[in-house]
Amino acid sequence: MGLVSSFRSLSGTTIEILHIVAGLVAAVAMTWAAAWSYPLGWDVIWWCGAAAMVATVAMGLRPLRRAQRQDRLAREKTA
């Protein structure tokens, strides 16, 4: 119960940033594992992984901006 309540206290912006970071960690882990398992394709695999990381950040920008806007409106409403 304590863990759930601590997550509820996080702002939407923080949650979106954590989602982007989690996606980047997953992309790096999968890219590293693929490059490790197929050394001949190391350079191509890392370029594809880099593209996946850029896509992860790009897809997270709109939700991040939306969360920032909602957090700002919530702060203005309580102030």
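Since we're looking at a predicted model, the values are computed, not measured.
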- Query: Would Arg65 and Arg62 count as a side-chain contact (heavy atoms from CB on, under 4.5 Å) if you check the C-alpha gap in whole Å, the side-chain angles of each, and the deciding distance to 0.1 Å?
  - Reply: CA-CA 5 Å; Arg65 287 184 188 145; Arg62 182 172 286 164; 5.8 Å; no
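Rounding to the nearest 0.5 Å places CG of Leu64 at 10.5 Å from CZ of Arg69. We find the CD1-CD1 distance between Ile20 and Ile15 to be 12.5 Å, quoted to the nearest 0.5 Å. The OG1 atom of Thr14 sits 11.5 Å away from atom NE2 of His19, with the distance rounded to the nearest 0.5 Å. With rounding to the nearest 0.5 angstrom, the CZ atom of Arg72 is 12.5 Å from the OG atom of Ser11.
The hydrophobic cluster containing Trp32 also contains Met53, counting ILVMFWY residues as joined when their side-chain heavy atoms lie under 4.5 angstrom apart, directly or transitively. Criterion: ILVMFWY side-chain heavy atoms under 4.5 Å apart, direct or through other members. Under it, Val28 and Val54 are not part of a common hydrophobic cluster. Linking Ile, Leu, Val, Met, Phe, Trp and Tyr residues whenever their side-chain heavy atoms come within less than 4.5 Å places Leu40 and Ile45 in a single cluster. When hydrophobic clusters are built by joining Ile, Leu, Val, Met, Phe, Trp and Tyr residues whose side-chain heavy atoms come closer than 4.5 Å, directly or via intermediates, Leu61 is not grouped with Met59.
Here Thr13 pairs with Asp71 under the side-chain hydrogen bond (donor to acceptor under 3.5 Å, both in side chains) rule; sequence neighbours left out.
When each of Trp47, Trp46, Trp36 is checked for a side-chain contact (heavy atoms from CB on, under 4.5 Å) with Thr31, only Trp46 meets the rule.
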